[in-house]
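Below, chain A is the first sequence line, B the second, and so on; all start at residue 1.
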Amino acid sequence: MSDVFAELAWRGLIHQTTDDAHLPGWLGERPRTVYAGFDPTADSLHVGHLMALTILRRFQQAGHRPIALVGGATGMIGDPSGKSEERQLLSEDALRANVEGMQSQMRRFLDFDDPTRGAVLVNNYDWVGRFGYLEFLRDVGKHFPVNVMLAKDSVRNRLERTDSGLSYTEFSYMLLQAYDFVHLYREYDCQLQVGGSDQWGNITAGIDLARRLDGVQLHGMTCPLLTKADGTKMGKTESGALWLAAERVGPYQFYQYWINLEDADVDKCLRFFTDLDRPRIEAVVAEHLEDPSRRTGQRCLAAELTRLVHGESGLRIAQRATEIFFGAEISELTDAELVGIFTDVPSRELPRTELAGEGLAIVDALCASGLAKSKGDARRTIDQGGAYVNNRRADSIDRCLGPADLASETMMVLRAGKKRYALLRFVEP
RNA sequence: GGGGGGUUUCCCGAGCGGUCAAAGGGGUCAGACUGUAAAUCUGAUGGCAGUGCCUUCGCAGGUUCGAAUCCUGCACCCCCCA
């Protein structure tokens, strides 16, 4: 058993614990069971879940047993922590689909098959859903002093806002999560809960409840919230969250997100997310600082994460696409080389006849590819010198594209600006 | 229930009868500089056509040669008094 506490600490993943002094020893004694909760708001995980997931992963690697709790029940209510408004309630069907989607992705991070420390996936709907209202009030609610609940940051912040209230339902959220902890303690001897720093109140609520109900002392640990150096949220793209599902964010796009990360965040992300050990990360960071323009850190980070999320084949596609797009002028490629990329960057198929005669006006090509949202937008881009065909700048609005502009047998590479790419494929009707 | 204020283009926010597709800021996009970074600077930012047309200022009507701007009704939001 390796010292997971020290490992997490140097990685900067420990924000607060219930017992800094004794937790390291407690974890070193024997394998423990640790859980983190995931809110099933969508059918895919995103980068926001990555912290908790990789923390569970590190616990497992250190010899402990992780439990991933999917909030099928609590997801119906919505955690008010860190939220400014009440969440839209999800239907049971939607929740079920979301839970299934998330479960399948977790397999990439956690080993569910190991006989001794195999991860366990639980859905709190399985026990919360069976609770009767009166029964819950009597067995659980009774142990929650309202004045303590009101003192929690998550509740106070919401009550202090004049423009949004806090419904009774949301107010009750922490009871459910608290009970989850007790349940997992009873069923799996789970004595440690981890979560983001905004979960502190919910975690301690569970610890209090366990003490009152079962007379045991459970533990909690939070990690810092994932933000970028400029204060904005990590993992936000133009089109929304950076999803882990390949159908939502392809390997190339995922890879590119990390390549584009600013220097100030690279070190932190390497430590947070990658499996690389300390000497390795320190070496990469040192190399990066020596010559930041080579983006050593970003490259390493992007490769590690893309491999983790999309596998070796996904990484190859992403790197190949990057080589092609960010290399020199594009020509003499084959369809075979482009086909893997085709599904990953915005792409469109057009009839080959478009290229005949006068050819396809570049303005129309940009619109068709999705790089421009209107003809005016396309004109603007060209006017300002931001339009490229096969990485060669197209400086005239009147430019028309013909068969000679194909990069491979049937495909053409369009680009708007420095790094927005799209492929057009011309097919026989 | 009574009184007052509001609803503007992606967001915030000016505009209060024509010169308004609508100031300013944010965001976004493009360019320069770089390193597919950050910061900075420049330009663009309803649609279609190129000195014109169409659609937009909560919704529906109305007054005007002409309205985002005035009137009427409706909807939603906020504030004060009960």
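Using a 4.0 Å heavy-atom distance criterion, A387(A) is classed as making no nucleic acid contact. R415(A) comes within contact range of no nucleotide atom at all, as no heavy-atom separation falls under 4.0 Å.
Only the P atoms considered, rG27(B) is 45 Å distant from rA82(B), to the nearest whole Å. Look at the C1' atom in both rC70(B) and rG17(B): the space between them is 8 Å, to the nearest Å. For the P atoms, the distance from rU8(B) to rG4(B) is 22 Å, rounded to whole Å. When the C1' atom is compared between rG25(B) and rG35(B), the two are found 30 Å apart, to the nearest whole Å. Taking atom P in both rU69(B) and rA60(B), one finds a spacing of 13 Å when rounded to whole Å. Spacing between rC16(B) and rA68(B) at atom P, rounded to whole Å, works out to 14 Å. Separating the C1' atom of rG24(B) from that of rA32(B) is a span of 25 Å, rounded to the nearest Å. Distance noted for atom C1' between rG46(B) and rA22(B): 11 Å (whole Å).
Across all strands shown, rU42(B) forms a Watson-Crick or G-U wobble pair, both distances under 3.5 Å, with rA30(B). Across all strands shown, rA23(B) forms no Watson-Crick or G-U wobble pair with both distances under 3.5 Å. Across all strands shown, rU9(B) remains unpaired; no Watson-Crick or G-U wobble contact has both distances below 3.5 Å. Under the Watson-Crick or G-U wobble criterion, with both distances below 3.5 Å, rA37(B) has no partner in any strand shown. Base pairing of rC74(B) is made with rG58(B), judged by Watson-Crick or G-U wobble geometry with both donor-acceptor distances under 3.5 Å. Pair assignment for rG1(B) gives rC81(B), based on Watson-Crick or G-U wobble hydrogen-bonding distances that are each under 3.5 Å. Of all nucleotides present, none satisfies the Watson-Crick or G-U wobble test against rU63(B) with each distance under 3.5 Å.
Comment: R295(A) does not engage D263(A) in a salt bridge, judged by the lack of any side-chain N to carboxylate O separation of less than 4.0 angstrom. Of the charged side-chain nitrogens involved, at least one lies within less than 4.0 Å of a carboxylate oxygen, so that K375(A) and D364(A) count as a salt-bridged pair. A salt bridge links R11(A) to E7(A): one of the charged nitrogens lies within less than 4.0 Å of a carboxylate oxygen. Look at R278(A) and E282(A) and you find a salt bridge, because one of the NZ, NE, NH1 or NH2 atoms lies within 4.0 Å of a carboxylate O, short of that distance.
Here the side chains of R280(A) and V284(A) are in contact, with some heavy-atom distance below 4.5 Å. Between F272(A) and T54(A) there is no side-chain heavy-atom pair separated by less than 4.5 Å. Side-chain contact between N98(A) and Q103(A) is absent, with no heavy atoms from C-beta onward closer than 4.5 Å.
Two residues, A416(A) and K375(A), neighbour RNA chain B, and the one matched to the more 5' nucleotide by heavy-atom proximity is A416(A).
Side chain of Q384(A), nearest nucleotide from rA32(B), rA30(B), rG47(B): rA30(B).
A straight line from CG of D377(A) to C1' of rG43(B) spans 14 Å, rounded to a whole angstrom. In this structure, D383(A) atom CG and rG43(B) atom P are separated by 15 Å, rounded to whole Å. The CZ-C1' distance, from R380(A) to rU42(B), rounds to 16 Å in whole Å. Summarising the geometry, the separation between NZ on K373(A) and C1' on rC48(B) is reported as 16 Å, rounded to the nearest angstrom.
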Check your understanding: Base, backbone or nothing for each nucleotide of nucleotides 33-38 of chain B, written B, S, -, heavy atoms under 4.0 angstrom, 5' to 3'?
Key -> BBBBBS
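A donor-acceptor pair under 3.5 Å links the side-chain atoms of Q60(A) to the main chain of R117(A), judged by distance alone. The closest donor-acceptor contact from the side chain of N390(A) to the backbone of S331(A) lies at 3.5 Å or more, if one exists at all.
Looking at residues 302-316 of chain A, you'll see that no heavy atom sits under 4.0 Å from any atom of RNA chain B.
Y173(A) and Q177(A) share a side-chain donor-acceptor pair at under 3.5 Å.
Under the 6.0 Å distance and 45° angle rule, R107(A) counts as a cation-pi partner of F112(A).
Taking 4.0 angstrom as the limit, S374(A) places a side-chain polar atom (N or O) nearer than this to OP1 or OP2 of rC48(B).
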